Each structure stands twice: as structure tokens, then as C-alpha cells.
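Numbers here simply count residues along the sequence, with the first being 1. None of these values were measured; they are calculated from a predicted model.
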Amino acid sequence: MNMLWLLVLIVFYHGTSSNGVVTNVSKRPDVVNVGAILSRGSIIGKVAKVAIEAAVEDVNSDPGVLSGTKINLTMQDSNFSGFLGIVEALQFMEKDTVAIIGPQLSVTAHVISHIANELQVPLLSYSATDPTLSPLQFPFFVRTAQSDLFQMAAIAEIVDYYGWKEVIAVYVDDDHGRNGIAALGDKLAERRCKISFKAPMPVEVNRDQITDVLVKVALSESRIIVLHTYAGSGPDVIKVAESLGMMGAGYVWIATNWLSTNLDTNPQLTSDATENFEGVITLRMYTPDSELKRKFVSRWSNLSSGKSINGTFGLSTYGLYAYDTVWLLAHAIDAFFNQGGIISFSNDSRLTEFKGGSMNLDAMSIFNGGNLLLKNILQVNMTGVTGSISFTSDRNFIHPAFEVINVIGVGYRRIGYWSNYSGLSVLPPEILYTKPPNRSSANQQLNSAIWPGHTTDRPRGWAFPNNGRQLRIGVPKRVSYLEIVSQVEGTDIFKGYCIDVFTAAVNLLPYAVPYKLVPFGDGRNNPSDTELVRLITTGVYDAAIGDIAIITNRTRMVDFTQPYIESGLVVVAPVRKSNSSAWAFLRPFTPTLWCVTAIFFLIVGLAVWILEHRINDDFRGPPKKQVVTVLWFSLSTLFFSHKQNTISTLGRLVLIIWLFVVLIINSSYTASLTSILTVQQLSSPIKGIETLISSNDPIGHQQGSFARNYLVEELGIRESRLIPLNSPEEYARALKDGPHGGGVAAVVDERAYVDLFLSTRCEFSIIGQQFTKAGWGFAFPRDSPLAVDMSTAILRLSENGDLQRMHDKWLTRSACTPQGTKLEVDRFQLKSFWGLFVTCGFACLLALCIYFILMLRQFSRHSEELEPSGSGRSSASGRVQTFLTFIDEKEEDVKSRSKRRQMEKASIRSTGEDESTHSYSSKRRHMEANSTKSLDVSNEV
């Protein structure tokens, strides 16, 4: 940059200067000087020139915009030269220019922005879309079009929408091209995609240079090509690609908006020219339809007439943004004057030491109102031909959006839109702005496209490069379980189950895969599959096949295909036959379960006896008889042959629940005993992985297997307990020796290996359940498209039965047929039935509680009848004894006695009343007699 400045200063201004006098305009001037820098001969420049001139004319003819002030536009042609653009920008500084529209190129904008910063003259560019033109570095640069940052975000979303993972970037090697592609790389990375190859081209590129670049592209794997260049050189690249056969089926070309600009500006392109673009996807800055836009478009043919020796030309979006740039500046200048701003310039104090020099550097003056004008530019809120115009805090237009265009034949069609608000959509962005933003994958939509090669099928997006290089596929060189995978001695040929599956899957792919199988391992020990996977990440291998388990730490390094076989970790241990004995009938239950079952028989019998004793004659009688009844009743329920009927509701409730418990226990016992007596039993002191964790015995594992890390890291088993074993023979020897003979208590290995091991060794067996879930797959680099296609092929093999047939061919053995035998299962324990016992016990307790509450109520009503007459208040022990006597009596007897006593009381009351009546009558007669006698005496007297 310092060299550029030096160059600028050397070639700068050779005329007279304004001799350093400060220029002031204290009132709204008649004219304001505005400069414009563009390349009139370019596709963008010729459109922008007409649009800018039309805008200046419209502004000057409308007195309501600047209140009589006119814009004096000075337009300079940089003629595609960044150097001339810099010189022309410096020339504007001697003419009291308040703002510059342009420059057209991002390369020029980077240099001129330094001058604008120093002299505080705003630059408004409608076409410098380089995203690195940051307001932090260049505060006086204002972009009045959409930044390439959003265009690259749109391309990244298109790539992700179609499911592609890698693209090739072909771009012009300048600030515009490099920085745009850098932004594309960032946006692709956000979606786990990437640029696999970058192919830069010179700015002034010729056909031979284009050919050299595209040949390198053709030798790459990806077929998704993003072309980011200028409208002048872009068609040449497409034409060379056509001649190299790179516009055929399988390729995808995504062009930035240079192509849509070409199509808009040259609507009369010949069919030969447009045929080269067949199937290309391009973007166009979106401008919503409006009355202002329609009016300007209708004027365009008249505006552009006679402006080009080739006749009229079309209106591109750059022309619309150039037109709005002038109006935006006009509104900002008007606000500037309304706020009391004046146009004044002063010398740059840092250039005073160059005063009087031959280069006249002191002619460069600072615009004193530059900051105020810049502020007003950024605060403009207007509606133009491109729609609503206002800036965000980072100086980008609000609601950036692009049209997604598919070139077809001699024309093109829009297949959707992209907006920073809701992503890809078939609806115009202004409709989506009225709804909440929705960036979910299900909401991303585009219409169908026609791709190169005249096909509507979505291209795969990649192919094997035509560079003669084969894929280096690593294969573990195993020393055991050679049925899985093995190398034929003395050759480069591999065979085995994994090889057959891989070969069959590759044959199902719709394209050829050149590959070479490369052995991995020393041939003396089984190699580590994790290390094999790691070598893919370093580029030693392009893929790996074999018995590679899909586990977490490996998936962090590579992508796996769909598993082609299930294989989790299991425990293998020696087993012995369990001989039948006279007490075999006791083996289904543990002693604890037998004891609890017997206790509950007695508890239920006693509960039913208590509930039935007062009302059921079957449960009454002498004590000896009642004890026998309780035992007989409870035990007979085991066979559902109890002859005693239950009468009470509570007794029936308890009995129903108990019979259900007996049914479950009886069925379980019968099934277990049948198995014990009819199937040969195998037993082992090891009951599963839990036994190994809790013990200190050594454990065997296969050399190179992930089982070692799993046992140590996940299960916390000490590494000193783990013994690596290399072959099935070592497995068998270590298991037979046992932990006390220098061997191991058990071996932990993957199910596929264990099945092969046990196929000829029936003295060992799998103990417990498989305690991990895993599978084997083929490993490929991250985001490799081949992994996806191979997964699809494996699924097809599974669906048509070929996968099972290959499994049966290599992994099914029948030398050991342990039919009619099984590993001894654990006895039924109390925990298997504790829920039933708790339910039954609760039912008994509840029934007895209800029963005793009822008995207490009855006893309280009849207590006076049971107590002896005249005994007074009885003692507590007496009442308890009375209560026990009460509940032992038959209910009918209690009711009869109660009824009899009630009748006796009624009779006594009746007798007492008669005696009372008789006594009263006698007394009355006696009184009457005495009265009569007194009367007689009186008479006598």
C-alpha cells in the first residue's frame, strides 16, 4: 500500500493549485460538484453512465429535492484501469468535489478509499461489492449495492440445499475475486461444506490461460464449480469449458451475478452464445417490482438509444442501483444544507511540508463538511427504483436478497429467491418479510432446475478425477479370524467376508471406482483399527475397509458407511454340564424364595381362617381340627383343590388375590423345572460383565480391538487385568487354564468373532447379554460423497439378500451343534415375585384391619351382655379376654343370645309394669276404704 501511495503522489497533479486558501460557501450554493468514476466501455459502466446521467437530470429538474441547488456532475472514464481511477479521483479533489460516485472496481476502491479517508470525501459505489471494504477501515466508503458477502451466503445455501459438500472456486485473482471466494469459504464452512480446490486466473486472461486452469479443475474430484469473475471474461471461461467437455452431464456451474448482468445487458445474445450457458445457475440482485421501477424501465430504451455503437442495450440491476445512488446522495446533500452545513475546504496540515514542491501536493484539501454529509448519507431512508433504501449498523442495505436464475436455451427462468431473512424460497422476499423468519431445512425451497447436459436429475456433484490415480484403501492384515479378511499369501489379493461386501457394494455404484487395496499391519499381530482410521485423516489412505467397528472416537475422525454387520461386545467363559439329581425339583427357586412362599401359604391360610371362623362351619371345631384345616386349606390352594368354601367378602378377596399369585408361581416353577429336566444345562461361575467388573480375575481381549479401551475407559477395569490374545487357539488355551493357572476368567470380544470361535468349541459359551451395540462399516474421509453412495449400496445388498448370503458363506459354521443344551439360567429369586407377595400381603393386612374394626364395633354393642351381672367395671385384661371370647363365638350364637336377652329384658319390663299396676290398685282401694271409714265416723258424730 505504501508503494501505491508513492506511485499516486508521483503521478499526481501537474497543474496549478488553489494556493492553500480555504474556500467557504456560507449559504446554499447554486451547484454542488459531484464526481463519478467508471469504465464506459464495460458492461456495467455503459449502463451505469446512462443511469447516473438520467438520475442527475431528474434530480436537477425537481426543485423539491435540493431547493434550487443543482448537481454538477463530472464523469471520468477509468477505461478498466485502476491506475487511471486513482489519478481521476485525485483530480476531483482540486474542484471542491463533495462526493464521488464510484469507483466501479473493488480494486480501485481499496486505494481511493485511503484518499477519501484523508480528505473526508464520501465515496458511493454501486458496483464495488468486495466484502472486505469494511467501514472500520474505510469509514468514508459507502456501498450502495448488495455486498458479495450475501451473494456468497446465497451460493453456500444453494450448495447445501442440493446436498453437495465440496466445490471448486474459479475466480479472477484480484481483490474482488480473492475476497469474494474467501467469504464463500467462510459461508460454506458454516454448513460443513468446503472449497476443495481454488483456481485463480489473471485479471487479463487469455484462452490458453483459461484452458490451463480448467484442465486442473477437470482433474479434481468435485464437479460443483463456482465461477466468480467479471462480465467481460466470464463468457470466455464458459466457452473454453464447453470445448473441454465440462458443460456436460455431471457438472454444476454456479456463476455469480456477472452472468445475470450479461444476460440483462445483452438481451439479444445469439443462440450460439446462450447455448454455452445451458444449465448454469446464476444470481441477480433482487429489486422488488414497483411503480417507480416500471416507469424507469419503460424510459430505458429512450435513455440508452444512441449511447452505444452496437445499438441499445438492456438495463441491469447495477443500472438501477447507480440511479438510486444519485438520488440517495441528493437527499443526503439536502439534509446536509438543512442542518446548516456549508461547503468548505481546508489544507491538509500533514501536507504543508510539501508546499511549493514540483508535485503541488498542497492542492489536496479536506472537505470540512465531509463527516456531516457522511452521517446524512447513512441516515437516508427512501424508496427508489430498487425498493426501500436504508442502511444497517454495518452499512449494508436492509433485507439483502438475490434471485436464483437457471439459464435455459436462449433464455432463462427464475427458480427461486434467496434472502438473508428466510433463506431459499419460491416466494418473493417481500411476502416473507410479513411472516416470522424460518430458516429450517424443511422451509428451504427451489423450483426444479435444468442442469448441464439437458437433464433434470440432480447431479451427484463429484466424480473420480481423470488423473490416473487410484484410491489407496487400507485393509488390516489380520493373523486370526481369516474368514473376516485376509491377504492371499504372496499376492496383493485379499479375500474374506469384508472384501466380498466391499466388492459387491462397489459393483452397485453407478460409476467406476479405481482403487487399490493396501495391507496395513506387520502380519504378526492384529493391527489397531483405530490407527488405521487415523491414517485416513493424514492422507496415507483414502479409505479403509475390514472389521472396523463404528465407535465414538473413530466417528470424530472419519465418516462411516451404513453398518453391514451387527457386532457388539460379549463375554465368553468356560461352561460345564449340570448333572441331574434327586433334588432337581428344588432348583427352579432359590432357598429364600422357597421360604417366603411357604410363609405366605401359612399367612394366607391363617388370614382366611380368621375371616371365616365366626361365620363358616368349615373353619370351626376343636383346636386340633382348626390347625389341620388351616394347613390343608393353604396347601390345597397350590393345586386349586381346596374344598372349604369361603363365605365372607373379605375372605373371598384375599383368596382371589392369593390364587392369582399361586397361578404365577406355579406356571414359573413348571416351566423352569421342565427346562431343567428336558434340556441339558450348562453352568459357569461367570454370570456376565458385572461379575468381571466386581472381581479381580484377568480378562482376555483380542489384540488391536477397541475392547481394551472400552473396558478401561468406560467400565473402569484396571489395565493390568487385561491380557491381549492374538488367535482363537490362544483364547481356548487361556480359558482352559483359568485365572489360577495363568489364563483368564473370561474373554471379552465382538460378537462376530465370538460366533466363529464358538462354532467349533462347545466347551465355551457366551455369558450374559451383549453389553454394547455396534457394527462394522467402511471408513472414508469426512464429508466424502463416496461414503453416502456406499451406504446406499450396502442397503441394497441387505434388501436383496446378498448381504445375508455372504454372511452365511463366510461366517456360518456347523461343526459344533449344541442343540438341546443351554446355558444354565439363574434361579428364580425373590426379586422376581416380590411385587406379587407385597400385593398379597397388603390385601391380607387390609382385610384383617377391616375385619377387626367391624369386630370392635360389634363388641362395643354386645359388651354389656357378655359381662357378668353386678361385676362393675371390668379390668383391661378381662375385657381383652371377653373380646377374644366374643370373636371365637359363632356369629349366629352371638346374634341368638343377643336376641334372647332382648326378649328377656322386654319380658322383665312387662312384669314390672303389671306389679306396679297391681300395687297402685291395692293402695287406692285401701285409701278409699279409709276414706269411707272416716266418713262413717263423722256421720256418727
If only atom types and distance count, is the side chain of [X] paired as donor or acceptor with the main-chain N or O of [Y] below 3.5 Å?
X      : Y      : answer
Asp324 : Val385 : yes
Ser127 : Gln104 : yes
Ser42  : Gly45  : yes
Ser39  : Gly41  : no
Asn60  : Ile71  : yes
Gln146 : Gln151 : no
Asn257 : Leu283 : no
Thr97  : Phe92  : yes
Asn338 : Asp334 : yes
Asn443 : Asn438 : yes

Do [X] and [Y] have side chains that get closer than 4.5 Å, going by heavy atoms?
X      : Y      : value
Thr282 : Trp258 : no
Arg223 : Val252 : no
Ile377 : Leu329 : yes
Thr383 : Ile389 : no
Val407 : Glu278 : no
Asn406 : Arg414 : no

Calculate, to the nearest 0.5 Å, the distance between atoms [atom1] and [atom2] belonging to [X] and [Y] respectively.
X      : Y      : atom1 : atom2 : answer
Asn368 : Leu373 : CG    : CG    : 12.5 Å
Asn420 : Asn396 : CG    : CG    : 9.0 Å
Leu292 : Lys295 : CG    : NZ    : 7.0 Å
Leu263 : Ser316 : CG    : OG    : 11.0 Å
Leu133 : Asn179 : CG    : CG    : 8.0 Å
Lys46  : Thr265 : NZ    : OG1   : 6.5 Å

So that I know where these two stand, are [X] and [Y] an aromatic pair - ring centroids less than 6.0 Å apart?
X      : Y      : result
Tyr318 : Tyr126 : no
Phe345 : Phe367 : yes
Phe402 : Tyr417 : no

The test is side-chain contact (heavy atoms from CB on, under 4.5 Å); show your working for Ser113 and Leu123 and say whether it passes. CA-CA 7 Å; Ser113 293; Leu123 293 178; 3.8 Å; yes
Residues passing the side chain to side chain donor-acceptor pair (under 3.5 Å) test with Trp327, sequence neighbours excluded, are Tyr323
Please report the shortest heavy-atom distance between [X] and [Y], naming the atom on each side.
X      : Y      : value
Tyr286 : Pro429 : CE2-CD, 3.6 Å
Gln444 : Leu424 : OE1-N, 2.6 Å
Asp173 : Val203 : O-CG2, 4.1 Å
Pro29  : Thr69  : O-OG1, 2.7 Å
Phe336 : Ile342 : CZ-O, 3.4 Å
Ala109 : Ala128 : CB-CB, 4.0 Å

Could you give the side-chain donor-acceptor pairs of residues 153-171 under 3.5 Å, partners two or more places apart or in another chain?
residue : atom : partner : partner atom : Å
Glu157  : OE1  : Arg439  : NH2          : 3.2
Glu157  : OE2  : Arg191  : NH2          : 3.3
Glu157  : OE2  : Trp418  : NE1          : 3.1
Glu157  : OE2  : Arg439  : NH2          : 2.1
Tyr161  : OH   : Leu446  : N            : 3.2
Trp164  : NE1  : Pro459  : O            : 2.9

Listed by chain and number, what are the side chain to side chain contact (heavy atoms under 4.5 Å, CB included) partners of Glu57, not counting sequence neighbours? none
State which residues pass side chain to side chain contact (heavy atoms under 4.5 Å, CB included) with Glu242; sequence neighbours excluded, sorted by chain then number. Met247, Asn276
Quiz question: by atom type and distance under 3.5 Å, do the side chains of Thr287 and Thr386 form a donor-acceptor pair? no
Indicate whether the side chain of Thr129 and that of Asp148 have a donor and an acceptor atom separated by less than 3.5 Å. yes
Less than 3.5 Å apart, which donor and acceptor atoms pair up between the side chains of residues 227-234 and the rest of the protein, not counting sequence neighbours?
residue : atom : partner : partner atom : Å
His228  : ND1  : Thr256  : OG1          : 3.2
His228  : NE2  : His176  : O            : 3.2
Thr229  : OG1  : Ser233  : OG           : 2.7
Tyr230  : OH   : Asp174  : OD2          : 2.5

How about [X]: does its [atom1] atom have over 12 heavy atoms from other parts shown lying under 6.0 Å from it?
X      : atom1 : value
Lys375 : NZ    : no
Lys293 : NZ    : yes
Glu291 : CD    : yes

Residues two or more places apart in sequence or in another chain: which of them pass salt bridge (Lys or Arg N to Asp or Glu O under 4.0 Å) with [X]?
X      : answer
Asp236 : none
Arg40  : none
Asp175 : Arg178
Arg284 : Asp264, Glu403

The complete set of ring-ring contact (aromatic ring centres under 6.0 Å, His included) pairs with one or both residues in residues 27-64, sequence neighbours excluded, reads none
Taking ring-ring contact (aromatic ring centres under 6.0 Å, His included) as the cut-off, I'd like each qualifying pair that reaches into residues 139-159, sequence neighbours left out, listed once. none
Residues Arg143, Asp394; criterion salt bridge (Lys or Arg N to Asp or Glu O under 4.0 Å); working and verdict: CA-CA 11 Å; Arg143 182 185 294 107; Asp394 55 358; over 6 Å; no
Using salt bridge (Lys or Arg N to Asp or Glu O under 4.0 Å), reason through Lys70 and Asp30 one step at a time and then give a plain yes or no. CA-CA 6 Å; Lys70 305 293 184 181; Asp30 293 332; over 6 Å; no
Pairing residues for Phe197 by the ring-ring contact (aromatic ring centres under 6.0 Å, His included) criterion, not counting sequence neighbours: none
